[in-house]
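Given the structure is predicted, the values throughout are model-derived calculations rather than measurements. Quick note: numbers below take in every heavy atom, side chains included, and nothing from hydrogens, waters or symmetry partners. Naming convention: chains lettered A, B, ... in sequence-line order (proteins, then strands); numbering from 1 in each chain.
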Amino acid sequence: MKASTKLRLLKLAILFPFVALAAVIGGVLFQAQGGFAALRVPHGDATPLATDAATLAHGEYLARLGNCVTCHTTRGGTPYAGGRAFRSGYGTLYSTNLTPDATTGLGDWSLAEFRHAMREGASREGLLYPAFPFDHFKRLTDEDLAALFAFLRQLPAVDAPRTPNALDFPASSRRLLLAWRMLFHRPHPFTPEPSQSEAWNRGRYLVDGLGHCAMCHSGRGAMASLPADRYLAGGRILGQNWYAPPLDTNSLARWSVDDLAGYLRHGVSTHGAAYGPMAEVIYVSLRHLRKDDAAAMATYLKTVPAAPAPVMSATERDLRQRHAAGRVVGTAGRRLYAEHCESCHGDDGRGRGLDYPPLAGNPHVVADDAVNSIRLVLAGGIPPTTPGNPRPHSMPPFSQVLDDAQIADVLNHVRSSWGNEATAIAPGDVRALRGSTLD
Amino acid sequence: MSSLPPLSRIASVLVGIAIVVTTLAMPGRARADDADAGMRERLAGCAVCHGDRGQGAHGAEYFPHLAGKPAGYLLEQMRAFRDGKRHYAQMIYLMQYLDDAWLAEVADWYAAQPPIVKQAESGTPMREVDVARARQLVFDGDPAKGLTACSACHGRALAGLEPGVPALVGLPTEYIIAQFGGWITGVRQSTVPDCMASIARKLEPTDLRIVATWLSRQAAPDGERPAAAGTRALPLACGDLPVEAAR
């Protein structure tokens, strides 16, 4: 045997266990993401679609709760015709046409293919990006999926070809999505919790399923994943300068079930008013919630265990202390508050009923991440119009009236008054958000 | 006493009626005041830029006044922001989750406010030739270039026409120029046929600046309202507004 051949064999012998191990791990991960199920996209399906009014009305209700129209419509564009851009660190992805156009929409889809896309996140296009909440929609019952599809299929067909995505490699490759799925996608079956009430189970079905609340309200892990231990733990929304607060038993303690259900349908409450992405969710989707469904969601949300708070080292605690907003406010912040804010939010920071939200004891206002407060002061806000609040009050934009330092001052006053204790924000934090009115 | 003298009987009845009428009318009056205060409060968010009755605000001269503009015009603008046809980020942000019913109420309220249309700018005097050219374009148009007179639609007082044609006085030069830029590039769109877009494409940039500057220096008499709907037909097709029969 030649020396070089021997060496090659030796190398192989050494490498073999590693290769084998990699293959085993790969196999396990492949199984974990659902095995071959996702890759087997069904085509034909002779199930006739229901066209009776009750099924269509039910499908429309589900489409509203799933907020399909928000993601599948551009501003001012034809509803459900797709084309909305989703920006992230990986580039821009565009949503698709859900109208029954035969070439550009769902016109020649079968119910089986639709069900497969909604549950497995794969269609004739290949694997679908997780910006499409299939990880939530997979919980929908067969009946609900059939009603949803029946509703989509009777929309007016619109010829709207897909806008090509502008994603960077490797995110641009649908095949490589398999690697992402192997790392992060775990299609656990959804089983009711018999020890909980019917309302609780219905609430969980809506929150985790159609409502896909976790897409915004959960913390993100590596590569935009949604790790289980950050479930509804709050965090920055992917690709947007907005912070979605935690939804759990602690953070929602101040709400009664009725208050919370009212907020979801009306967009206002004595604890806070909706703005930014949440205003959109309510305006387009939740304002159509039936009362019992809203109560069910509130019932469930109020029982979600709080994610453990990140452990803080002694130095971090010390740093926080030194950065407490209370240490940096001078009289400027108080004066600015009295001049510009008090007439609505009150000298005690308690706001006024459903008209003006409280700033005292409001967890958004003391969140470490102050983006929401800064953006509201810069751009103002009007809660969405809803049947329960058809004539909303408003907050003026202050971007022209106050400079960066003044906005930091007045917010540091808010963040350290009436029992609020939060870290200080700096003028630079404000400057960074000027111009992000619409992102 | 069998009966009161007739005169005092009539007097007491009259006094009685007067008391009933005033007590009935008072809460009505108070209700109207409350409704007005309620609207002003709800629209506090708009006041920084547009004034608390839409009369314009100090330090925010770039922003248009709203008071007394035709309700239909105001409604269409607010919907255009909401629906992606007008592209000013701050306005889109505020309008995006408001439904037609509320926007219509807001439009009606601003339309009902007394128009106080001051000249937007004074600045250095304009050259005679420029004034003459501006007046020609505004009141006679330039048929050779296919330009209709502005006053044909906006009225000789430039106070607008219900329901869709706004007043032209009281707007800053740069604001007017920016709107024309928007029409030319398609960034600002109205219901088709978009008459302003076609006019904007025919107006030379030098003429635009002259007209915009001249307009910014005009004022309307206090309380001058847009002409009532139907008092004038438009010489060209604008959205779904009524047009003069072809001659």
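By the 6.0 Å contact criterion, CZ on A:Arg87 is open, its count of non-hydrogen atoms from other residues, nucleotides or ligands being 12 or less. In B:Arg225, the CZ atom is crowded: over 12 heavy atoms of neighbouring residues, nucleotides or ligands sit closer than 6.0 Å.
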A:Leu438 and B:His87: side chain to side chain contact (heavy atoms under 4.5 Å, CB included), yes or no, with the steps? CA-CA 11 Å; A:Leu438 263 184; B:His87 297 257; over 6 Å; no
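In this structure, chain A has heavy atoms under 4.5 Å from both the backbone and the side chain of B:Arg82. Within the 4.5 angstrom heavy-atom criterion, atoms from both the backbone and the side chain of A:Glu280 approach chain B. Heavy atoms closer than 4.5 Å to chain A are found nowhere in B:Ala101, neither backbone nor side chain. B:Glu105 touches chain A through its side chain: at least one heavy atom from C-beta onward sits under 4.5 Å away, while N, CA, C and O do not.
At a heavy-atom cut-off of under 4.5 Å, chain B is reached by A:Gly276 from residues 266-277 of chain A, listed in order of number. Residues of residues 376-394 of chain A placed with any heavy atom under 4.5 Å of a heavy atom in chain B are listed by number as A:Leu376, A:Leu378, A:Ala379, A:Gly380, A:Gly381, A:Ile382, A:Pro383, A:Pro384, A:Thr385, A:Pro390, A:Arg391, A:Pro392, A:His393, A:Ser394.
Here B:Leu98 is the residue among B:Leu98, B:Ile92, B:Leu94 with the most heavy-atom pairs under 4.5 Å with chain A.
The shortest non-hydrogen separation linking B:Val48 to A:Pro397 is CG2-CD, 3.7 Å. Heavy atoms only, all atoms of each residue included: A:Pro396 and B:Ala44 are closest at CB-O, 4.0 Å.
Residue A:Arg352 holds its CZ atom at 4.0 Å from CD of B:Glu41, rounded to the nearest 0.5 Å.
Between A:Tyr283 and B:Tyr97, the ring planes are tilted. Angles from 30° to 60° get that label.
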